[in-house]
Amino acid sequence: MLRITAFSGHDGQWSHHSQFYLTLFGGCSLTKPTLARQIVLARELERNDDAKRAEENGSFFLTLFGAVEIKWPTLAEEYIDFSEMLRTGALRMEEWDSRVTVMSAFRPGASTLTLFAGFDENEIPNEKDEIEALAIQRHLGNISESVGRILQLGIGKKGSERTSIIRRAVMHR
């Protein structure tokens, strides 16, 4: 699939399917799938060789005089997705524990050519976005106050610190 952003901006989800992104004098901001979704996707790809071969082709980003940012989901999104997958049986805690380290370095095949531009593929959400997402989910009743306090400890954290906070919050429910 072809995605073109010219003299404007695009904000969306990063799909694991092969895509071509052209950003010209504009901005493109994509959000990675949650860690829970990445784990489930990795399991499906291991079972399906055709999908695995298609995944190896990956996405291509051509950025000229613009900026591309690929960021992690908010802690609230990670918590809600992980909790729901555990509740429905789509994911087991043992599978999370065994795969989370590999998935936190998730980089679906992506090739880039960046000229007079910027490309950031491992950005965490800023503090404002994290706090806003937590506040909304608390208000909706999807996150308790005690879980919200735990998730707040992960704001600004990367890697294993961030994933351990998510796990701790899920186990606290």
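Values below: every heavy atom of this structure, side chains too, minus hydrogens, waters and symmetry copies.
Under the salt bridge (charged side-chain N to carboxylate O under 4.0 Å, His left out) criterion, no residue pair touches residues 2-12, with sequence neighbours excluded. Note on residues 126-161: no pairs pass ring pair (Phe, Tyr, Trp, His ring centres under 6.0 Å), not counting sequence neighbours.
Every ring pair (Phe, Tyr, Trp, His ring centres under 6.0 Å) that F20 has, sequence neighbours left out, goes to F60. Every salt bridge (Lys or Arg N to Asp or Glu O under 4.0 Å) that E84 has, sequence neighbours left out, goes to R87. Evaluation of the ring pair (Phe, Tyr, Trp, His ring centres under 6.0 Å) rule for F61 yields W14, Y21, F119 as partners, not counting sequence neighbours. Remark: R138 engages no residue in a side-chain hydrogen bond (donor to acceptor under 3.5 Å, both in side chains) (not counting sequence neighbours). Looking at residues two or more places apart in sequence or on another chain, you find a salt bridge (Lys or Arg N to Asp or Glu O under 4.0 Å) between R149 and E145. E130 pairs by the salt bridge (Lys or Arg N to Asp or Glu O under 4.0 Å) definition with R162, not counting sequence neighbours. For A135, the side-chain contact (heavy atoms from CB on, under 4.5 Å) criterion is met by no residue, not counting sequence neighbours. Residues meeting the side-chain contact (heavy atoms from CB on, under 4.5 Å) test with D120, sequence neighbours left out: E123. With sequence neighbours left out, the side-chain hydrogen bond (donor to acceptor under 3.5 Å, both in side chains) criterion links T34 to D81. Contacts of A67 classified as side-chain contact (heavy atoms from CB on, under 4.5 Å), with partners at least two apart in sequence or in another chain: none.
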* Can you list the steps and then say if V68 with E121 is a side-chain contact (heavy atoms from CB on, under 4.5 Å)? -> CA-CA 8 Å; V68 173; E121 67 177 309; over 6 Å; no

Would you sort out whether E95 and S98 count as a side-chain hydrogen bond (donor to acceptor under 3.5 Å, both in side chains), showing the intermediate values? CA-CA 5 Å; E95 189 175 14; S98 67; over 6 Å; no

Quick one, T23 with L64, criterion side-chain contact (heavy atoms from CB on, under 4.5 Å). Give me CA distance, side-chain angles, the key distance, then yes/no. CA-CA 6 Å; T23 304; L64 306 167; over 6 Å; no

Practice prompt. Apply side-chain hydrogen bond (donor to acceptor under 3.5 Å, both in side chains) to H172 and S146, showing your working.
Written response: CA-CA 8 Å; H172 182 76; S146 60; 3.1 Å; yes

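Counted by atom type alone, N122 and K71 present zero donor-acceptor pairs between their side chains at under 3.5 Å.
With hydrophobic clusters built from ILVMFWY side chains whose heavy atoms lie under 4.5 angstrom apart, L113 shares a cluster with F116. In the hydrophobic clustering of this structure, V147 does not group with L140; members are Ile, Leu, Val, Met, Phe, Trp, Tyr whose side-chain heavy atoms approach within less than 4.5 Å, directly or through other members. Tracing side-chain contacts under 4.5 Å through hydrophobic residues (I, L, V, M, F, W, Y), one never reaches W72 starting from I136; they form parts of separate clusters.
Taking the side chain as every heavy atom from C-beta outward, L35 and T163 approach each other to under 4.5 Å. Taking the side chain as every heavy atom from C-beta outward, L2 and Q19 never approach each other to under 4.5 Å.
Considering all non-hydrogen atoms of both residues, S164 and E161 come closest at OG-O, 3.0 Å.
Here I124 contributes atom CD1 and K32 contributes atom NZ; the two are 11.5 Å apart, rounded to the nearest 0.5 Å. Note that CG of L153 and CD1 of I155 are 8.5 Å apart. Values are rounded to the nearest 0.5 Å. Rounded to the nearest 0.5 Å, atoms CD1 (I150) and CD1 (I165) are 8.0 Å apart.
A donor-acceptor pair is defined here as one N or O able to donate and one able to accept, closer than 3.5 Å; such a pair exists between the side chain of T74 and the backbone of E77.
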